[in-house]
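Taking it in order: structure first as C-alpha cells, then the write-up.
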Amino acid sequence: MQSAQRAQCNHALEYAIRLANERQKPLLAAFSVVSDFPEANLRHYTFMLEGLKETQAALAERGIKLVILNGPPKETIPPLAKKADLLVTDEGYLRIQRKWRKDVAAAIDCPMYEVTTNMIVPVEAASDKENFSAGTLRPRISRQLKKYLVPLKESRPVCSSLDLRFKSIDLSDIGKALKKLPIDRSVGPSPFYTGGSEEANRCLADFIRSKLDDYGTKKQQDPLQDCQSNLSPYLHFGQISPLYIALEVNEAQSPGKGAFLEQLIVRRELSFNFVYYNPAYDSYKSLPHWALRTLNLHARDKREQTYSLEQLENARTYDPYWNAAQKEMVLTGKLHNYMRMYWGKKIIEWTRSPKEAFRIALYLNNKYELDGRDPNGFAGIAWCFGKHDRPWAQRPVFGKIRYMNAAGLKRKFDVDAWVRKIEQLGHNLECERNQTR
DNA sequence: ATCGGCTCGCGCAA
DNA sequence: TGCGCGAAGCCGAT
C-alpha cells in the first residue's frame, strides 16, 4: 500500500484479496513510511499517519494485518516478499513513486502487480501521450466513463492473516510515532484539517448535502462562501477514492453535479496525464512552446517590484490580498482554489525571471499545502505559467500568459472581508498558542 | 452590464 | 487545409 492509503474502495487491495483467496493463501498488507520524502514535513506526515491509523484499524476488522514500516521501499518490502507468491501494489505517477516500484520489482523474485485505483479512467487508457489541454482529454475520458464508473465489491480474505513478527511503527499514539521519525519539522500540523478516511467521508457527505448545489456558480469563486469539497488533501493521500466520490455525487440530484465531476475527473486526470507523460513536470521546462517563447521574450522586462523567497514566504508584499492568501496557506494548509491562481500569477509579476517564479511557487506550494506534491499541485503551478491554457493579450512580464489582478478579486467577491477573516484566523491561532504555553 | 479583441495549437472534418 | 474551440483572464468600447 502506498498511494491508496485506505481500506474502502481500493482496487489494489481487493485484487490482492482475490488472488490470495484463489490460492488459499494468507494476505499481508504493508506500508512504508519514507521519512525523507522530498519536500514533505511534519504537516504532511501528521495528516498521513492520522489516516494510516484508521486504515490499519479498518483493515484489522476485515482480518487483514497492516504493517507500517520505516524506510525506502526497496529495503523494507523485499524481506516481506521473500516467501510471498506475489506482490500487489497501487499505482504511482510521480518520478519518485515510479522509482520505488521499479526498485522493489527489481529486488524481489515473485511477480508484482500494479493496480490503478486512484483514477477513474486509467491514465494510459485515457490517452497514450501528453495532452495539450482539457479540451483534448475530455472527450477521451467521457467516451470511457461508463466503463469505469462501476462500484467495487469488497471481500474478505479466507485465510487468517500472517502473524509474523515485524518491526511495525506503533500508531496508537501518533504524536509519539512522529517524534521517533527523522522527518523535517519546519511546518507544524494543520489546525484545521485532520487526516483519515472517516473525516474524508464526512467532508463528502457534508459537501453533497449543503454545497454541491452551488458548485459551478459564481459562489464557488468566492472564498468567503464555504462551497468547496475540501477533499483534495484526502485524495492526495488516497484516504478516499475518486471513484467512490464520483459514484456518490452521481447519485445526487443536483445542478452542481456536472461542474464538480468536471473537476474531479477531467481536470484531475489531466494533471495525472501531465505528470505521467511529461518528465519535466516539476520544472519550467514542462511548459508548452508558446508559453516558453513568450515568457522568455519578456524575461528581461522591468518589474515594478521584486521580492525574495523570504519576503514572499513571510507574506511581506505591498499587496494585502496576496499576503492573506500566503497566510491562509501557511496557517491552514489549504488555500482556496481561486486565490491559488491569483497567488501564483503574482509570483510571476514579482520575481526576476519566470524560471525563478516557477521554482518559488512550487516550493511554497509543496511546503505548505496539505495536497502539495500532488499531480494536481504540479499542474496547478504550471497552469499559472500557461500550461493547459491559451495565449491572451500581450503585456509586460507575462507576455501572452493569462494575467490576473486585484480588480478581478474585487469584481468577484468582497476581498477585503476575506482579508479580515484571515487576519482574525491568524489572531485566534496566536491566542490559542499562547494559552497552551 | 455586455461584448469583442487579444492569440496559438490541437484535432476533427473535408 | 480549414475551422472551431479552449479553466476561472483583462481591457476598452458601447
Side-chain angles (χ1 to χ4, degrees), chain A residues 126-144 211 214-225 227-229 232 255-274 277-278 286-298 301 304 319 321-322 325 335-349 354 357 361 365 371 374-415 418:
Chain A
S127 179
D128 58 3
K129 61 170 188 181
E130 183 184 7
N131 277 58
F132 185 78
S133 70
T136 63
L137 189 66
R138 190 176 295 111
R140 295 170 172 280
I141 287 179
S142 309
R143 275 203 290 275
Q144 307 187 68
K211 304 176 187 175
D214 293 319
Y215 208 86
T217 69
K218 63 175 193 232
K219 226 174 141 182
Q220 197 201 328
Q221 292 193 344
D222 183 347
L224 280 165
Q225 308 282 338
C227 191
Q228 297 197 295
S229 73
S232 68
K257 218 162 85 170
F260 181 76
L261 291 176
E262 164 79 8
Q263 305 304 313
L264 177 74
I265 306 176
V266 176
R267 301 303 313 192
R268 180 167 179 271
E269 303 205 351
L270 179 63
S271 305
F272 285 72
N273 171 279
F274 172 53
Y277 290 115
N278 193 325
S286 66
L287 302 180
H289 287 126
W290 71 266
L292 283 173
R293 204 187 312 134
T294 192
L295 282 171
N296 287 339
L297 208 62
H298 290 269
D301 289 0
E304 301 272 315
D319 178 356
Y321 308 142
W322 193 91
L335 178 57
H336 187 277
N337 219 25
Y338 184 69
M339 289 309 298
R340 278 195 201 199
M341 292 187 265
Y342 178 79
W343 175 88
K345 291 287 185 186
K346 283 283 150 181
I347 297 177
I348 300 177
E349 199 173 320
N365 188 70
D371 60 359
D374 189 85
N376 275 313
F378 292 107
I381 296 299
W383 178 86
C384 296
F385 295 74
K387 190 87 206 173
H388 300 152
D389 202 9
R390 48 184 278 208
W392 299 89
Q394 192 149 339
R395 59 159 48 239
V397 183
F398 285 81
K400 291 166 187 170
I401 302 291
R402 185 195 297 261
Y403 172 67
M404 287 175 86
N405 63 10
L409 304 179
K410 287 182 188 157
R411 209 164 37 237
K412 288 195 159 56
F413 62 95
D414 187 350
V415 59
W418 177 72

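Everything quoted here is computed from the prediction, not taken from an experiment.
Taking the side chain of F132(A) as heavy atoms from C-beta on, and the options dC6(B), dG9(B), dC11(C), the nearest nucleotide is dG9(B). Each of dT7(B), dC11(C), dC6(B) was ranked by its minimum atom distance to the side chain of A393(A); first place goes to dC6(B).
Between R395(A) and E349(A), none of the side-chain N atoms (NZ, or NE/NH1/NH2) sits under 4.0 Å from a carboxylate O, so this pair counts as no salt bridge. Checked for salt-bridge contact, D389(A) and K345(A) miss the test: no charged N lies under 4.0 Å from a carboxylate O.
Note on K218(A): nothing from the nucleic acid sits closer than 4.0 angstrom, heavy atoms only. Within 4.0 Å of W290(A), counting heavy atoms only, lie sugar-phosphate atoms of the nucleic acid but no base atom. Heavy atoms of R267(A) sit under 4.0 angstrom from at least one base atom. Counting any heavy atom pair closer than 4.0 Å across all strands shown, Q263(A) reaches a base atom.
K346(A) has its NZ atom 10 Å from the P atom of dC10(C), to the nearest Å. Computed from coordinates, the Q221(A) CD to dC10(C) P distance equals 10 Å when rounded to whole Å. Taking atom NE2 of H298(A) as the reference point, atom P of dC6(B) lies 16 Å away to the nearest angstrom. Atoms CD1 (I348(A)) and P (dC10(C)) sit 14 Å apart, rounded to a whole Å. Between the NE2 atom of H388(A) and the P atom of dC10(B) there is a distance of 12 Å, given to the nearest Å. Atom P of nucleotide dA7(C) and atom CH2 of W392(A) are separated by 10 Å, given to the nearest angstrom. When the P atom of dC10(C) is taken as reference, atom OH of Y342(A) falls 11 Å away, rounded to whole Å. In this structure, CZ of F260(A) is placed 18 Å from P of dA7(C), rounded to the nearest angstrom.
Residue N405(A) places at least one side-chain N or O under 4.0 Å from the OP1 or OP2 atom of dC11(C). Applying the 4.0 Å criterion to OP1 and OP2 of dG9(B), one finds that R293(A) has a side-chain N or O inside that range. Between K400(A) and dC8(B) there is a side-chain N or O to OP1 or OP2 distance below 4.0 Å. Of the side-chain N and O atoms in K129(A), one or more sit less than 4.0 angstrom from OP1 or OP2 of dG11(B). Distances shown here put every side-chain N or O of R390(A) at or beyond 4.0 Å from the OP1 or OP2 atom of dC6(B). Between R138(A) and the phosphate of dA7(C), there is a side-chain N or O to OP1/OP2 separation shorter than 4.0 Å.
Rounded to the nearest 0.5 Å, atoms CG (L292(A)) and CZ (F385(A)) are 11.0 Å apart.
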- Task: Dot-bracket notation for DNA chain C is requested: 5' to 3', Watson-Crick or G-U wobble pairs only, both distances under 3.5 Å, with ( ), [ ], | and . as defined.
- Result: ||||||..||||||
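In terms of heavy atoms, Q221(A) sits closest to H336(A) at C-CE1, 4.0 Å. Here the closest non-hydrogen pair linking A126(A) and L137(A) is CB-CD1, 4.2 Å. Here the closest non-hydrogen pair linking G386(A) and W290(A) is O-CZ2, 3.5 Å. Between V266(A) and I141(A) the shortest heavy-atom distance is CA-CD1, 4.2 Å.
Judged by distance alone, the side chain of Y321(A) and the main-chain N or O of Y342(A) form no donor-acceptor pair under 3.5 Å.
Comparing the same atom, C1', in dA7(C) and in dC12(B) gives a spacing of 22 Å after rounding to whole Å.
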